[in-house]
Q: 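This structure is in structure tokens; I'll ask about it shortly.
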Amino acid sequence: MKTTSEIRSDFIEFFRSKGHTVVPSAPLVPANDPTLLFTNSGMVQFKNVFLGSEKPAYARAVDVQRCLRAGGKHNDLDQVGYTARHHTFFEMLGNWSFGDYFKKDAILWAWELLTQVWKLSPERLLVTVYHTDDEAFDIWHRVIGLPTERIVRIGDNKGAPYASDNFWQMADTGPCGPCTEIFYDHGEDVPGGPPGSPDEDGDRYIEIWNNVFMQFDRQPDGSLAPLPAPCVDTGMGLERMAAVLQHVHSNYEIDIFRHLIGVAAKLTHRSDLDNKSLRVISDHIRACSFLVTDGVLPSNEGRGYVLRRIIRRAIRHIWKLDGLSPDGTFWKMVAPLVEVMSDAYPELAAKRELVERALKAEEVAFAQTLEAGMQRLDGYLSRHHGRIDGEQLFQLHDTYGCPPDLIADIVREREGAQLEPSAMEDYERLMAGQRDRARAAGKFGNATTLPAELAAQLPPTGFLGYDALFADGLEVLVILRDGRPVNAIEAGDEAVVILDRTPFYAESGGQVGDAGALDAQGLRFTVRDTLKFAGQFHGHVGVLQAGRLSRGDRLAGSVDAERRAATVLNHSATHLLHAALRRVLGEHVTQKGSLVAPDRLRFDFAHFQAITPAELAEIERQVNAEIRSNHSVDTHHMDMQEALDFGALALFGEKYGDRVRVLRMGEASTELCGGTHVSRTGDIGLFKMLSEGGVSAGVRRIEAVTGQVALDYVAGELQRLDEAARLVGSPRSEVADKLRAVLDKQRRLERELESFKAKAASGAASDLASGAVDVDGIRVVAARLEGIDAKSLRDAVDRLKQQLVDAVVVLAGVHDGKASLIAGVSGAALGRVKAGDLLAEVARQIGGKAGGRPDMAQGGGDDGPALQSALAGVVDVVRERIAAAGV
């Protein structure tokens with residue numbers, strides 16, 4: 001029986017023997033691609049290759065890609081644990097041809113691997129082809145020898161041309177083509193029919209391999225134009241293939257999941273290994289661990305929000321099985337996962353501590369509210385006959401952090417329970433306000449893109465900006481206006497200009513894009529920003545100030561030198577800061593994002609507790625020590641593996657090619673970076689932190705300044721210190737002691753003042769008690785007190801209630817034209833007069849509001865004649881209430 005690890009290795013080695021280059025798995029966070037939430041298929045890292053904007057150094061590739069489908073368009077979260085083959089995290093085996101081999105070789109090799117290497121019975125295999133793809137049909141029948149009854153033609157069964165399960169397309173336009181899928185027959189004892197039949201949704205025939213033949217470019221009018229270099233994109237689910245080769249029907253019975261489910265059962269004290277909750281836990285630990293490994297941490301927005309949902313779903317299933325441990329349980333699944341998957345993914349073992357800490361922190365935090373949320377849900381279900389509406393979903397999420405998919409899971413498991421038909425729609429409406437930020441962060445569709453036909457034709461922009469801030473003879477290749485290519489623009493037009501070469505740095509790796517100007521005789525284009533298109537084209541964003549700009553024109557480019565110089569200082573400082581953070585706080589610190597602008601730098605990093613003032617001081621001291629050391633800043637170009645062996649640190653969210661740029665600053669920092677930097681660390685001058693704080697669970701942020709901006713900041717701080725010294729009448733060196741003495745004196749005076757106020761309130765209460773009006777045995781006091789604060793007012797009411805016993809008291813304290821109102825009811829008056837109702841009547845008359853309990857209420861309004869009138873009427877109102885009570 002083949003283990004999952006052996007199957008993974010077999011696949012790689014088989015295609016290596018066929019001349020394929022082994023490509024490592026891309027992270028779950030697509031590099032430089034905001035159009036996708038997660039890497040959800042094997043082709044994601046090759047998307048620019050298929051679009052024609054990226055030219056790889058190889059024509060054949062093989063990989064095992066980690067994938068996640070738990071958010072956005074591809075979201076399998078609700079099915080995970082309840083079916084045999086749905087997962088949030090899965091591995092996709094793929095072999096790729098970029099204009100090299102095509103249908104015949106792809107089909108022959110797939111058949112060879114399945115039937116000769118893995119020894120699957122040919123009689124167990126069935127294939128599908130697109131209904132017009134006679135070429136693929138003939139290869140299967142005439143070359144492979146598959147009987148025609150085991151080759152199923154799949155047509156356009158979705159009401160539109162090429163809308164078929166066997167016709168793949170990247171988007172509404174662009175590369176596309178037919179595909180042929182290979183199915184495994186689990187046998188007659190499993191219900192279900194072959195693909196294309198009415199019973200195709202059964203489990204008997206399971207797709208194990210999809211060969212996509214990208215041979216067309218779909219045009220905006222729907223027509224298909226042949227691609228000049230057809231490509232092959234194949235995908236095989238590793239978990240599905242393991243189930244077949246290990247002779248089990250469910251993916252959750254393969255070796256990896258047997259191990260994880262066994263550990264989960266021990267941790268939750270269960271013996272039923274078929275329990276669906278154990279499946280959920282074992283699936284979700286893979287998704288969560290790899291997300292954290294790839295730089296995602298739990299948060300309330302974007303990718304972090306999806307991770308939080310997955311963690312909470314797993315925790316809910318742990319709670320369902322065994323309750324929640326104060327120390328947490330879910331994070332303890334990381335170690336067994338490392339045991340079975342770190343050979344293929346060593347980064348999982350390297351970041352084990354980070355993953356455990358992130359999951360444990362989230363689990364402990366959620367456990368505090370989950371129990372209360374479940375009790376509230378039980379109450380809803382019992383009071384509303386097992387039905388949950390949108391408002392209840394909203395309250396469970398808003399108050400207890402239980403997302404709607406988790407509630408839907410629970411409702412599905414409860415006999416007789418269900419969501420109201422409009423529940424999700426109503427929930428979304430109620431959550432809209434609070435989800436604005438999350439939606440804004442989750443709009444992964446606003447990427448800077450080029451039309452595919454342009455990207456395929458353009459050469460990558462030659463970047464000259466490492467060595468020069470000026471260059472001439474730059475050819476205009478593309479002009480984009482409103483996102484569409486045009487031949488020319490006139491003065492006043494805003495546009496994006498792409499040149500063959502440029503000294504302008506395009507926004508990337510946190511560093512902002514350059515600004516400046518593009519000039520020619522009688523022409524000036526002001527560049528306000530420079531963006532990177534498809535990872536390799538520099539787009540100059542700005543407005544044509546004068547002249548007419550046409551494709552083919554030659555221009556001179558001038559970068560704003562002062563702006564670039566200030567940006568460079570901050571970028572180099574982030575490298576020194578990153579290194580200092582790792583030395584002071586630990587190797588678990590990883591960059592989570594950055595902003596490198598001319599006026600400041602912002603650096604986000606993974607760390608799970610507040611940083612102490614002493615640690616911050618040491619970090620700043622170390623950065624400035626490296627600056628004073630004046631290390632040379634050296635750049636090296638080398639292969640990726642060579643760079644990693646050299647000690648280079650790769651940054652989160654970046655995509656690196658086969659050849660990478662390594663930046664070394666003495667012995668302090670070695671990182672992969674394509675940004676612009678100082679020549680020596682001493683050029684930075686000074687590094688000064690402005691702030692440090694948490695931005696989300698497990699993520700901290702430091703903001704800082706460098707160079708002249710830092711010197712100006714320090715000068716400003718000294719000016720403020722001098723002003724403070726002048727105000728307290730002491731030299732700079734004694735300001736702290738003098739302020740401490742002033743504050744001690746202030747606190748002493750405040751205590752004395754509070755004592756005087758308490759005595760004043762006591763005296764006022766005694767005076768007012770003697771003037772209380774008797775109403776049917778109830779003593780009533782209503783009075784206005786000048787210059788008394790809210791606390792003293794409450795004390796006076798409490799004293800009057802104690803002295804008068806059966807009492808109704810309404811007091812108004814006035815200050816600066818406003819009245820604070822306090823009402824108290826005690827003794828026999830309780831049940832006959834309600835403080836809140838009484839005070840609301842008084843407040844209404846002075847243009848204010850009030851509310852509270854039957855025995856105590858507070859409110860406010862305007863001072864003036866109306867207040868005196870309202871207080872004078874309190875006795876009559878009390879008399880009416882007592883009479884109405886009839887006691």
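Computed over heavy atoms, backbone and side chain alike; hydrogens, waters and symmetry mates excluded.
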Q: Using 0.5 Å steps for rounding, measure from the CZ atom of Phe89 to the CZ atom of Phe38.
A: 12.5 Å

Q: Begin from the C-alpha positions of Leu291 and Ile310 and carry the test side-chain contact (heavy atoms from CB on, under 4.5 Å) through to its verdict.
A: CA-CA 11 Å; Leu291 279 173; Ile310 300 172; 4.3 Å; yes

Q: Decide yes or no on side-chain hydrogen bond (donor to acceptor under 3.5 Å, both in side chains) for Asn211 and Thr234, but give the supporting numbers first.
A: CA-CA 4 Å; Asn211 290 265; Thr234 84; 4.9 Å; no

Q: Does a salt bridge link Lys2 with Asp255, judged by any charged N lying under 4.0 Å from a carboxylate O?
A: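 Looking at Asp255 together with Lys2, the answer is no, because their closest N to O distance does not fall below 4.0 Å.
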
Q: Grab the two heavy atoms, one from Arg279 and one from Ser250, that are nearest each other, plus how far apart they are.
A: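 The answer is NH2-OG, 3.8 Å.
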
Q: Show your reasoning for whether side-chain hydrogen bond (donor to acceptor under 3.5 Å, both in side chains) applies to Gln591 and Ser594.
A: CA-CA 8 Å; Gln591 181 174 337; Ser594 68; 3.3 Å; yes

Q: On a heavy-atom basis, which atom in Thr39 and which in Pro27 lie closest, and how many Å separate them?
A: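 Looking at all heavy atoms of both residues, the shortest contact is OG1-O, 2.9 Å.
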
Q: Any donor and acceptor pair, going by atom type alone, linking the side chain of Ser282 with main-chain N or O of Leu278 inside 3.5 Å?
A: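 Yes: the side chain of Ser282 pairs with the backbone of Leu278.
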
Q: Given side-chain contact (heavy atoms from CB on, under 4.5 Å), test Arg124 with Tyr205 step by step and report yes or no.
A: CA-CA 9 Å; Arg124 289 272 193 175; Tyr205 295 89; over 6 Å; no

Q: Between atom CD1 of Ile208 and atom CG of Leu120, what is the distance when rounded to the nearest 0.5 Å?
A: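 Those atoms lie 6.0 Å apart.
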
Q: Apply side-chain contact (heavy atoms from CB on, under 4.5 Å) to Val64 and Ser25, showing your working.
A: CA-CA 6 Å; Val64 181; Ser25 171; 5.9 Å; no

Q: If we ignore hydrogens and angles and just use 3.5 Å, is the side chain of Glu353 paired with the main-chain N or O of His588 as donor and acceptor?
A: no

Q: So Asp389 and Asp426, do their side chains get closer than 4.5 Å, heavy atoms only?
A: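 Sidechains of Asp389 and Asp426: no contact.
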
Q: Would Arg414 and Asp378 count as a salt bridge (Lys or Arg N to Asp or Glu O under 4.0 Å) here? Give the steps.
A: CA-CA 10 Å; Arg414 300 281 183 94; Asp378 288 340; 3.0 Å; yes

Q: Looking only at atom types and distance, does a side-chain atom of Ser342 sit under 3.5 Å from a main-chain N or O of Glu339, one as donor and one as acceptor?
A: no

Q: Kindly give the heavy-atom pair with the smallest separation between Arg387 and Pro421, and that separation in Å.
A: NH2-CD, 4.0 Å

Q: Are Glu207 and Thr128 close enough that some pair of their side-chain heavy atoms sits under 4.5 Å apart?
A: no

Q: For the aromatic rings, using the six-membered ring if either is Trp, is the centroid distance between His87 and Tyr252 under 6.0 Å?
A: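 That pair passes the under 6.0 Å test.
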
Q: Would you say the side chain of Val296 lies within less than 4.5 Å of the side chain of Leu28, judging by non-hydrogen atoms?
A: no

Q: Would you find a donor on one side and an acceptor on the other, under 3.5 Å apart, between the side chain of Ser422 and the backbone of Glu425?
A: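 Not at all, since once roles are kept as given, no pair shorter than 3.5 Å links the two residues.
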
Q: Just verifying a value: how many Å separate Thr590 OG1 and Asp604 CG, rounded to the nearest 0.5 Å?
A: 11.0 Å

Q: Can you check side-chain contact (heavy atoms from CB on, under 4.5 Å) on Val62 and Phe14, steps first, answer last?
A: CA-CA 9 Å; Val62 59; Phe14 177 82; over 6 Å; no

Q: Are side-chain heavy atoms of Leu114 and Ile182 found at a separation under 4.5 Å?
A: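 Yes, their side chains come closer than 4.5 Å.
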
Q: Could you tell me how the ring of Trp96 sits relative to the ring of Phe46: parallel (under 30°), tilted (30 to 60°) or perpendicular (over 60°)?
A: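 Trp96 vs Phe46 ring planes: tilted.
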
Q: Using atom types as modelled and distance alone, determine if a side-chain donor or acceptor of Arg303 lies under 3.5 Å from a backbone N or O of Val29.
A: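 Not at all, since once roles are kept as given, no pair shorter than 3.5 Å links the two residues.
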
Q: Between Lys351 and Glu356, does at least one N-O distance fall below 4.0 Å, as a salt bridge requires?
A: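 Here Lys351 does not pair with Glu356 in a salt bridge, since their nearest N and O are not under 4.0 Å apart.
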
Q: Considering residues, nucleotides and ligands other than Glu391, do more than 12 of their heavy atoms fall under 6.0 Å from its CD?
A: no

Q: Determine yes or no for a side-chain-to-main-chain donor-acceptor pair under 3.5 angstrom, with Glu13 supplying the side chain and Ser9 the backbone.
A: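 Here the side-chain-to-backbone pair does not exist.
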
Q: Atom CE of Met241 and atom CG of Leu238: how far apart are they, to the nearest 0.5 Å?
A: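 Met241 CE to Leu238 CG: 9.5 Å, rounded to 0.5 Å.
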
Q: Could Asp185 and Arg204 be called an ion pair, given the rule that one side-chain N must be under 4.0 Å from one carboxylate O?
A: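 Looking at Arg204 together with Asp185, the answer is yes, because their closest N to O distance falls below 4.0 Å.
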
Q: Report the distance from atom NE2 of His284 to atom CG of Leu359, rounding to the nearest 0.5 Å.
A: 12.5 Å

Q: Just wondering, are more than 12 heavy atoms of other shown residues or ligands nearer than 6.0 Å to NZ in Lys320?
A: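 It does: Lys320 NZ has more than 12 such atoms within range.
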
Q: Quick check: closest heavy atoms across Val411 and Ile388, and the distance to 0.1 Å?
A: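 For Val411 versus Ile388, the nearest heavy atoms are CG2-CG1, 4.2 Å.
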
Q: Glu615 side chain to Thr612 main-chain N or O, any donor-acceptor pair under 3.5 Å?
A: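 Present.
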
Q: Give me the atom names and distance for the closest heavy-atom approach of Ile281 to Ala314.
A: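 Looks like CG1-O, 4.1 Å.
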
Q: With a 4.5 Å limit on heavy-atom distance, are the side chains of Phe183 and Trp209 in contact?
A: no

Q: Within the distance-only criterion (no hydrogens, no angle test), does the side chain of Gln392 pair as donor or acceptor with the backbone N or O of Tyr380 below 3.5 angstrom?
A: no

Q: Any heavy-atom pair between the side chains of Phe11 and Asn95 that's under 4.5 Å?
A: yes

Q: Can you establish whether the number of heavy atoms outside Glu6 located under 6.0 Å from its atom CD is more than 12?
A: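 Buried by this count: over 12 neighbours within 6.0 Å.
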
Q: Return yes if some donor-acceptor pair links the side-chain N/O of Trp331 with the main-chain N/O of Asp327 below 3.5 Å, else return no.
A: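 It does hold such a pair.
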
Q: Side-chain contact test, heavy atoms from C-beta onward, threshold under 4.5 Å: evaluate it for Leu245 versus Met1 and give yes or no.
A: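 Counting from C-beta outward, Leu245 and Met1 never come under 4.5 Å.
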
Q: If you look at every heavy atom in Glu91 and Arg286, which pair is closest and at what distance?
A: OE2-NH1, 4.1 Å

Q: Does a salt bridge link Arg701 with Glu692, judged by any charged N lying under 4.0 Å from a carboxylate O?
A: no

Q: Under 6.0 Å between ring centres: does that hold for Tyr184 and His186?
A: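 Between Tyr184 and His186, the centre distance is under 6.0 Å.
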
Q: Any salt bridge linking Glu363 with Arg312? Criterion: basic side-chain nitrogen under 4.0 Å from a carboxylate oxygen.
A: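 Looking at Glu363 and Arg312, the cut-off is not met.
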
Q: Any salt bridge between Arg258 and Glu253, counting N to O under 4.0 Å?
A: no

Q: Could you check whether Glu347 pairs with Arg66 (Lys NZ or Arg NE/NH1/NH2 to Asp/Glu carboxylate O, under 4.0 Å)?
A: yes

Q: Do Arg69 and Phe90 come within less than 4.5 Å of each other through their side chains, counting heavy atoms only?
A: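 When only atoms from C-beta onward are counted, Phe90 and Arg69 do touch, with a gap below 4.5 Å.
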
Q: Do the side chain of Asp63 and the main chain of Val22 share a donor and acceptor less than 3.5 angstrom apart?
A: no

Q: With rounding to the nearest 0.5 angstrom, report the CG to OG1 distance, Asn210 to Thr180.
A: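 That separation rounds to 8.0 Å.
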
